[in-house]
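Comments concern the structure below.
Position 1 is the first residue of the sequence; numbering continues from there.
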Amino acid sequence: METWRVVATVLLAAAGLPLVPVLMAKARDRADSSAAVAITGAVTFVVLLLIGVVMLTVLPGVLTWAIVAVVAAALGVMMLAS
């Protein structure tokens, strides 16, 4: 496994894991249902996990780094907006 794949996946995790509670808080604001909050958190975590595995194994470099940049930008925008 190449080093750049590991670095990109770690950066995805560093940006993605704080994104989970932010999205859960937004779900709580929209719907006062604890089930909706739990589903949002679970779906977000599983999607990040699957993207991380795919990044570690098969995605090309440009797409891998584009995903990392999009997730980091999304986290930045959501943190500034809240």
query = Are V43 and F45 linked, directly or through other ILVMFWY residues, by side chains that come within less than 4.5 angstrom of each other?
reply = no

ask   = Going only through I, L, V, M, F, W and Y residues with side-chain contacts under 4.5 Å, is there a path from V6 to V71?
value = no

Contact list for residues 1-11, test side chain to side chain donor-acceptor pair (under 3.5 Å), sequence neighbours left out = E2-R5

Cut-off 3.5 Å, no hydrogens considered: what does the side-chain donor-acceptor table look like for residues 46-69, sequence neighbours left out?
unit_1: T57; atom_1: OG1; unit_2: V53; atom_2: O; d: 2.9
unit_1: T57; atom_1: OG1; unit_2: V54; atom_2: O; d: 3.3
unit_1: T64; atom_1: OG1; unit_2: P60; atom_2: O; d: 2.9

Do any side-chain atoms of residues 12-33 form donor-acceptor pairs under 3.5 angstrom with protein atoms, and if so which ones, sequence neighbours left out?
unit_1: S33; atom_1: OG; unit_2: A35; atom_2: N; d: 3.3
unit_1: S33; atom_1: OG; unit_2: A36; atom_2: N; d: 3.4

